[in-house]
> 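Sharing a structure here in structure tokens format.
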Amino acid sequence: MVTLNDYLYSGATVFRILKKYTQDLRASAKVSKNEVDLVHCNFLIQIMELLEHNDFLTAQSQKIREFYKYMAMEYPYLSFTFKGRIKSLIRAEGKFNGYIVEYIYDYYKKHKSYPDIAELKEKLNCFRDLIAYRIVISMPRCHLKNHENREEEELKHLYQIANVLPQFLEERGFTAELTGGVLRSSSLLLDDAVKPYYRDYITSEKEDDYKSLHITFYDNSARCYVEMQLRTKQMDDIAEIGSANHINYEKKQEASRARRDTIPEGECIYFDEAYERCRRLQELELSGVDVDMFTAVSNSLMNDGCGLYRGRLILPYEHLSRFQNDLID
């Protein structure tokens, strides 16, 4: 079985690794007639094209920048950041194989049989967050009036921005994707017209306190999906360094994928291989990885300049609030 781990110690660039892994996986899939591995190859090609930061990605980021400029004019008293990232290779590989494990497990638990290949392939075509942009806003305390609550003011502004975003981007060649009712917002601050497009993690209850607004667009020029995340600074702190940080999220994902005892080994090759790839990624010691532009002292202390583990940055925009010492009418 071909796994990503086999290529991470050669000193190659992330692009060479992707190319070689894809070629070997495709050759193996043709011999074994493994249709899921062929879908996997196409998934890896998508990542490779994104990491190369082609012209379409530059054009896309410029359109997102127009919304940044709009906010700078509309909300000069706010501080906010715009960040864009391409999902890292290691996390994308884990997510792809994790979907296989989770879907087959859930299907088997319900039906005591395995899904057919067409259903599984359809499930693996649902990735919408390989490219994601995040808007984080903060209301500087000096701009609050005497009795204003900072959290309430930030939340009000966050939903105002969310109400404007879909039409703004649709006018620039994006199409907002319906959620099908998943995590539909119950907030009175969000317009009814845009509620079908947002997954609202603010009004929904979650054990890890994660809060954010998520909306997915299809970029008609680049022909790819883009996820937009909107958060206040407090929400972002919880997601980055608080109870909902990515390390804790990954640990929960690892635990949820530990389902080897339920699925008898040898009965479903797709489950077996995906489970093994997930297991090997979980046991990966990043300090031993030798990939150009990547260095790690440990699994939590690393310098990733190639989108191998932490993702590749697209938009390092930052707007610091003006008039820090002046009152705003």
> Any side-chain heavy atom of S287 within less than 4.5 Å of one from S298?
no
> To the nearest 0.5 Å, what is the distance between CD on E267 and CG on D272?
9.0 Å
> Within the distance-only criterion (no hydrogens, no angle test), does the side chain of Y21 pair as donor or acceptor with the backbone N or O of Y7 below 3.5 angstrom?
no
> D6 side chain to T3 main-chain N or O, any donor-acceptor pair under 3.5 Å?
yes
> Does L178 have more than 12 heavy atoms from other residues, nucleotides or ligands lying within 6.0 Å of its CG?
yes
> Can the ring centroids of Y218 and F174 be said to lie less than 6.0 angstrom from one another?
no
> Are the aromatic rings of Y197 and F217 close, with centres under 6.0 Å apart?
no
> Measure across Y107 and S113 and return the closest heavy-atom pair with its distance rounded to 0.1 Å.
CD2-O, 3.3 Å
> If you take all heavy atoms of A72 and F80, which pair is closest and at what distance?
N-CZ, 3.5 Å
> Check step by step if side-chain contact (heavy atoms from CB on, under 4.5 Å) holds for F294 and V14.
CA-CA 9 Å; F294 179 87; V14 69; over 6 Å; no
> Ion pair present between R199 and E227, side-chain N to carboxylate O less than 4.0 angstrom?
yes
> For the pair T179 (side chain) and P196 (backbone), establish whether a donor and an acceptor sit closer than 3.5 Å, ignoring hydrogens and angles.
yes
> In Å, rounded to the nearest 0.5 Å, how long is the span from OG of S79 to CD1 of I137?
10.0 Å
> Looking only at atom types and distance, does a side-chain atom of R277 sit under 3.5 Å from a main-chain N or O of V2, one as donor and one as acceptor?
yes
> Determine the minimum heavy-atom distance between R310 and M302, stating which atoms define it.
NH1-O, 3.2 Å
> Kindly state each residue pair satisfying salt bridge (charged side-chain N to carboxylate O under 4.0 Å, His left out) with at least one member in residues 284-298, sequence neighbours excluded.
none
> Can any side-chain N or O of R223 pair as donor or acceptor with the backbone N or O of D219 at less than 3.5 Å?
no
> Just by modelled atom types, is the D191 backbone N or O under 3.5 Å from a matching donor or acceptor in the N163 side chain?
yes
> Decide yes or no on side-chain hydrogen bond (donor to acceptor under 3.5 Å, both in side chains) for Q62 and E66, but give the supporting numbers first.
CA-CA 7 Å; Q62 288 300 315; E66 290 182 27; over 6 Å; no
> May I ask you to say whether R280 pairs ionically with E93, meaning some side-chain N is under 4.0 Å from a carboxylate O?
no
> Does the Lys NZ or Arg CZ of R91 fall within the cation-pi geometry relative to Y309 - under 6.0 Å from the ring centre and within 45° of the axis?
yes
> Does some side-chain heavy atom of I215 sit less than 4.5 Å from a side-chain heavy atom of V194?
no
> Could you state whether L78 and V136 fall into the same hydrophobic cluster, counting links through intermediate Ile, Leu, Val, Met, Phe, Trp or Tyr residues with side-chain heavy atoms under 4.5 angstrom apart?
no
> Does the distance from a Lys or Arg side-chain N to an Asp or Glu carboxylate O, for K233 and D237, drop under 4.0 Å?
yes
> Does the E119 side chain pair with the main chain of D116, one donor and one acceptor, at a distance under 3.5 Å?
yes
> May I ask you to decide whether K195 forms a salt bridge with D200, counting only side-chain N to carboxylate O separations under 4.0 Å?
no
> Please say yes or no: joined through hydrophobic side-chain contacts below 4.5 Å, possibly via intermediate residues, are V164 and Y133 part of one cluster?
yes
> When you measure from the side chain of E170 to the backbone of A176, do you find a donor-acceptor pair of N or O atoms at a distance under 3.5 Å?
yes
> Regarding K156 and E153, does a basic nitrogen lie under 4.0 Å from an acidic carboxylate oxygen?
yes
> Salt bridge (charged side-chain N to carboxylate O under 4.0 Å, His left out) for D37 and R26? Distances and angles first, verdict last.
CA-CA 7 Å; D37 278 353; R26 189 180 300 280; over 6 Å; no
> Please name the pair of heavy atoms, one in I17 and one in L4, separated by the smallest distance, quoted to 0.1 Å.
CG2-CD1, 3.9 Å
> Determine the interplanar angle of the Y210 and H214 rings, folded into 0 to 90°, and report it as parallel if under 30°, tilted if 30 to 60°, perpendicular if over 60°.
perpendicular
> Compute both the distance and the angle, then confirm whether R279 meets the cation-pi test with Y275: under 6.0 Å from the six-membered ring centre, within 45 degrees of the axis.
no
> Under 4.0 Å between a Lys/Arg side-chain N and an Asp/Glu carboxylate O for K20 and D24?
yes
> What are the two closest non-hydrogen atoms of D304 and G311, and how far apart are they?
OD2-N, 4.1 Å
> Does K123 make a cation-pi contact with Y99, if we ask for NZ or CZ under 6.0 Å from the ring centre and within 45° of the axis?
yes
> Check whether the ring centres of Y114 and Y108 lie less than 6.0 Å apart, and answer yes or no.
yes
> Between T13 and C306, is any pair of side-chain heavy atoms under 4.5 Å apart?
no
> Below 30° counts as parallel, above 60° as perpendicular, anything between as tilted: where do the rings of F67 and F82 land?
tilted
> Does the side chain of E154 reach to within under 4.5 Å of the side chain of S138, using non-hydrogen atoms?
yes
> Y225, L44: one ILVMFWY side-chain cluster at the under-4.5 Å cut-off?
no
> For K211 and T232: C-alpha separation, side-chain torsions, deciding distance, then whether side-chain hydrogen bond (donor to acceptor under 3.5 Å, both in side chains) applies.
CA-CA 9 Å; K211 294 183 183 298; T232 65; over 6 Å; no
> side-chain contact (heavy atoms from CB on, under 4.5 Å) for V39 and F43? Distances and angles first, verdict last.
CA-CA 6 Å; V39 176; F43 176 74; 5.7 Å; no
> Under 6.0 Å between ring centres, would you say that holds for Y105 and F271?
no
> Taking everything shown except M293 itself, do over 12 heavy atoms lie less than 6.0 Å from its CE?
no
> Are Y77 and H157 close enough, and set up right, to give a ring-ring contact (aromatic ring centres under 6.0 Å, His included), and what steps lead you there?
CA-CA 11 Å; Y77 45 84; H157 281 81; 5.5 Å; yes
> Would E240 and R231 count as a salt bridge (charged side-chain N to carboxylate O under 4.0 Å, His left out) here? Give the steps.
CA-CA 12 Å; E240 295 297 310; R231 302 175 183 169; 3.8 Å; yes
> Test your reading of the model: is there a side-chain donor-acceptor pair from N220 to the backbone of G173, 3.5 Å cut-off?
yes
> For K30, is there any backbone N or O sitting under 3.5 Å from a side-chain donor or acceptor partner on N34?
no
